[in-house]
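One structure is given here, and the rest of the page talks about it.
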Amino acid sequence: MHKNKKKEFFLIRLGKDLRKYAGAYVLVIPVVLFYLIFCYKPMYGVIIAFQDFSPIRGIAGSEWVGLQHFKDFFESYYFTRILKNTLIISLSTLIFSFPMPIIFALLLNEIRNEKFKRLVQTISYMPHFISMVVVCNMIKMFTSNTGFITSLLGIFGVPEASLLTKPEYFVPIYVISGIWQQTGWGAIIYLSALSGIDQQLYEAAKIDGANRWKQTLHVTLPGISQTIIIMLLLRLGNIMDVGYEKVMLLYNEGIFKTADVISTFVYRKGLTDMEFSYSTAVNLFNSVINFIIIVVFNKLSKKFTETGLW
Amino acid sequence: MKLNGYKVFSFFNILLMLIVVLVTAYPIYYVVIASFSDPTSLSIHTGLLAAPLKPFTTSAYELVFQNQQILKGFANTMYVMVIGLALNLILTALGAYFLTINGPMLKNVITFMIIFTMYFSGGMIPSYLNIKDMELLNSLWSLILPSAITTTNLIIMKSAFQAIPESLSESARLDGASYLQILIKIMIPLSKATMAVMVLYYGVSRWNSWFAASIYLNNSDLFPLQLVMRNILNMANQMAGSTGTGADEMAQLVELIKYALIVVTTAPILALYPFLQKYFVKGVMIGAVKG
């Protein structure tokens, strides 16, 4: 009885609210529709991971198989391979690429000549704007058997053959080209954090006799630590996501051993082999782990550093 | 003169920055000079290039601009860009503005609904089936609609609107202005810089996108520029791998135009961004404040 009354109350309040803010709600309707149709409908579509989905019969008519696809995936030969590759690529990116924009921003910040600084910055952004198709094809050309990177490495005794046909070179190529493409762009955020540091802190540090190095250690780094943590959290939330675009453009069957990752496997299973349910199950496994990681790390970060994403 | 530690550091720092500039720019420079080089000498050349291999030629560019496939791809990309960008800007502004209005009961629900998509998504297959169900396969709308809003951009826009003093919209409300009028006459004009950032971010991602087209489109007449380019360059790289001397006409053409094609598709954006630089630096900053 009491509950019903509360519900009624809520509906009346909602009705009043909808009338009062009708003008605002009307504006947001297309946005809500977009999210419902293009984000939430596919989220609902994830349930085909628990079915033997057939497009003809649709979600309503397809047979339920429970966790069968997950089981099949965990037991398959590919499970360890793509999980391992995904983690290796992702962790190498984290270890080698993540610190680069920070280091670059700190060094660039020490350049006193504004014009030179601006020039370096402008050029460093350039690769970010180049499409993945172009970047990957440049990599392919430059690392082909006649490419200039292959010839340069030839000086150090690396045999002059196409580097992308050898499994052992895939991860370095992936990571280094990523550093080339994203360091400058990634540094913007740290540069702006650096310019936000109160100059008086430096003055105070100088009076206390701190040299440049000490100032960097005790003023600059703490000044950008929050930005670093936020960026790190965002990165960790994607630890299981190795973008399929770049890998798909770079890999070939000869190097699947090191190059095939979860997302490319999902693509091949789903859209080449048309195993919709199985592919969706693999992707769901991936998304859930990502989601758990970001929630856990966000909680830890909030506890220890009082910085979080939400 | 005393050798000051910081001076030594500064010297090496400048040197390092010069190396960074060189390493960043050289691959791009290489493509540009290769595009003007004589194809026969280029195909046997190995190692670095400092200047175009003689005889200097622009024939590759002529071939690019004569190629029907490439021109069609360019037209498709422009179509998707123009309609897509308009949709991007309208929807992003509407959503961002709603999130700054104080009062509506459903605001928290809608905010959560928007933010949640940053951390979880249906994934490739359910999205593909969704497009298929809506009968958008083989239509350019399959490229335009699903990317009508990028949530991070919406958040950037929201922060820009939030930075506008509330008193402005409040007094406009008292004067009887509708929410739509406030958005159009106050919010958007006062956040021109952020709108420029939106044009750049959405524009670049639309210009550069190819993957959606590769799964949603079958009809090659609809392919956007990047997908046309991927197919041509794939062919080029496969040819480079094979050692056949009797390569057919298409293969030769592809070898000839690959560098020029990259230059033509990339130059518009690279020519544009330095002018928008001061805006997008601001955009990244706002976006970083909080997700």
Side-chain angles (χ1 to χ4, degrees), chain A residues 13-14 17 21 23-25 27-28 30-32 34-35 38-39 41-43 45-46 48 107-108 110-111 120 122-127 129-134 137-138 140 142 144 146 148 151 162 180 184 188-189 192 212 227 237 245 266-267 270-271 276 279-280 283-284 287 291 294 309, chain B residues 6 13 16-17 20-21 24-25 27-28 30-31 46-48 91 94-95 97-98 101 103-105 110 113-114 117 119-130 145-146 148-149 178-180 204 208 210-211 215 226 229-230 233 237 240 262 266 269-270 273-274 277 281 284-285 288 291:
Chain A
R13 272 203 304 144
L14 185 63
D17 177 79
Y21 293 104
Y25 283 122
L27 295 185
V28 84
V31 177
V32 170
F34 166 81
Y35 279 100
F38 292 105
C39 299
K41 214 176 135 229
M43 275 189 221
V46 161
I48 66 169
L107 291 175
L108 194 62
E110 295 296 325
I111 300 277
V120 175
T122 306
I123 289 175
S124 73
Y125 301 153
M126 202 156 52
F129 291 96
I130 300 177
S131 75
M132 211 37 110
V133 172
V134 168
N137 276 289
M138 280 165 71
K140 279 185 186 168
F142 298 155
S144 74
T146 55
F148 80 78
S151 336
S162 174
W180 175 78
I188 295 179
I189 208 167
S192 62
R212 291 302 291 215
T227 312
E245 291 202 13
V266 167
Y267 169 80
L271 293 172
F276 292 140
S279 165
T280 305
N283 193 56
L284 181 60
S287 311
F291 193 72
I294 198 157
L309 293 169
Chain B
Y6 186 65
N13 193 19
L16 187 67
M17 288 299 135
V20 168
V21 167
T24 309
I28 300 163
Y30 182 100
V31 172
T46 55
L48 300 172
L91 287 184
L94 287 175
Y97 176 52
F98 180 80
I101 298 173
M105 261 171 78
I110 294 174
M113 180 185 169
I114 292 174
T117 61
Y119 302 106
F120 198 83
S121 75
M124 197 185 291
I125 300 305
S127 303
Y128 171 81
L129 293 172
N130 187 30
L145 292 175
I149 298 178
S178 71
Y179 288 109
L180 186 62
V204 169
N208 285 343
W210 63 280
F211 182 74
I215 63 176
Q226 297 287 334
M229 174 163 63
R230 187 203 67 158
L233 293 177
N237 284 315
I262 290 179
T266 311
I269 286 176
L270 291 195
Y273 88 86
Q277 200 180 146
V281 169
V284 172
M285 245 154 73

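So you know, we letter chains A, B, ... as the sequences are listed, proteins then strands, and number each from 1.
The distance from the CG atom of L129(B) to the CD1 atom of I48(A) is 5.0 Å, given to the nearest 0.5 Å. In this structure, I130(A) CD1 and N208(B) CG are separated by 9.0 Å, a value rounded to the nearest 0.5 Å. In this structure, the separation between CZ on F129(A) and OG1 on T266(B) is 12.5 Å, given to the nearest 0.5 Å.
With a threshold of 4.5 angstrom between heavy atoms, I28(B) approaches chain A through its backbone and through its side chain. For chain B, the nearby parts of T146(A) are the backbone and the side chain; heavy atoms of each come within less than 4.5 Å. Only the side chain of L284(A) comes within contact range of chain B, with heavy atoms under 4.5 Å apart. For I215(B), the part sitting under 4.5 Å from any heavy atom of chain A is the side chain, from C-beta outward, and nothing else. Of the two parts of Y35(A), the backbone and the side chain both hold a non-hydrogen atom closer than 4.5 Å to a non-hydrogen atom of chain B. Contact annotation for I294(A): only side-chain heavy atoms (C-beta onward) come within less than 4.5 Å of a heavy atom of chain B.
Remark: F34(A) pairs with F38(A) by the ring pair (Phe, Tyr, Trp, His ring centres under 6.0 Å) rule, at least two apart or across chains. For N13(B), there are no side-chain hydrogen bond (donor to acceptor under 3.5 Å, both in side chains) partners at least two apart in sequence or on another chain.
The shortest heavy-atom contact between S151(A) and T46(B) is OG-CB, 3.9 Å. The two atoms that bring V31(A) and G95(B) nearest to each other are CG2-N, 3.5 Å, heavy atoms only. Annotation for Y273(B) and T122(A): closest pair OH-O, 2.6 Å, computed over non-hydrogen atoms. Across every non-hydrogen atom of W180(A) and P27(B), the tightest pair is NE1-CG, 3.9 Å. Closest non-hydrogen pair, M229(B) versus S131(A), comes out as CE-OG, 4.3 Å. Contact record, T24(B) with P127(A): CG2-CG, 3.4 Å, taken as the closest heavy-atom pair.
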For this session: Please assess V133(A) against I262(B) for the test side-chain contact (heavy atoms from CB on, under 4.5 Å), listing each intermediate value before the final yes or no.
Result: CA-CA 9 Å; V133(A) 172; I262(B) 290 179; over 6 Å; no
For this session: Under the side-chain contact (heavy atoms from CB on, under 4.5 Å) rule, what do Y30(B) and M138(A) come out as? Steps first, then yes or no, please.
Result: CA-CA 10 Å; Y30(B) 182 100; M138(A) 280 165 71; over 6 Å; no
Problem set entry | Worked verdict on E245(A) versus W210(B) for side-chain contact (heavy atoms from CB on, under 4.5 Å) | CA-CA 9 Å; E245(A) 291 202 13; W210(B) 63 280; 3.0 Å; yes
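Between chain B and the options L107(A), V46(A), V120(A), V32(A), the largest number of non-hydrogen pairs under 4.5 Å is found for L107(A). With chain A as partner, the option from V21(B), V204(B), I149(B) having the largest number of non-hydrogen pairs under 4.5 angstrom is I149(B). For the set I101(B), L16(B), I114(B), the count of heavy-atom pairs under 4.5 angstrom toward chain A peaks at I114(B). When I123(A), N283(A), N137(A), T280(A) are compared by the number of non-hydrogen pairs under 4.5 Å with chain B, N137(A) comes out ahead.
When side chains are defined from C-beta on, Y6(B) counts as touching E110(A), because their heavy atoms get closer than 4.5 Å. Contact annotation: the side chain of M126(A) approaches that of L270(B) to within less than 4.5 Å [non-hydrogen atoms, C-beta and beyond]. In this structure, the side chains of L27(A) and F98(B) stay at 4.5 Å or more apart for every pair of heavy atoms.
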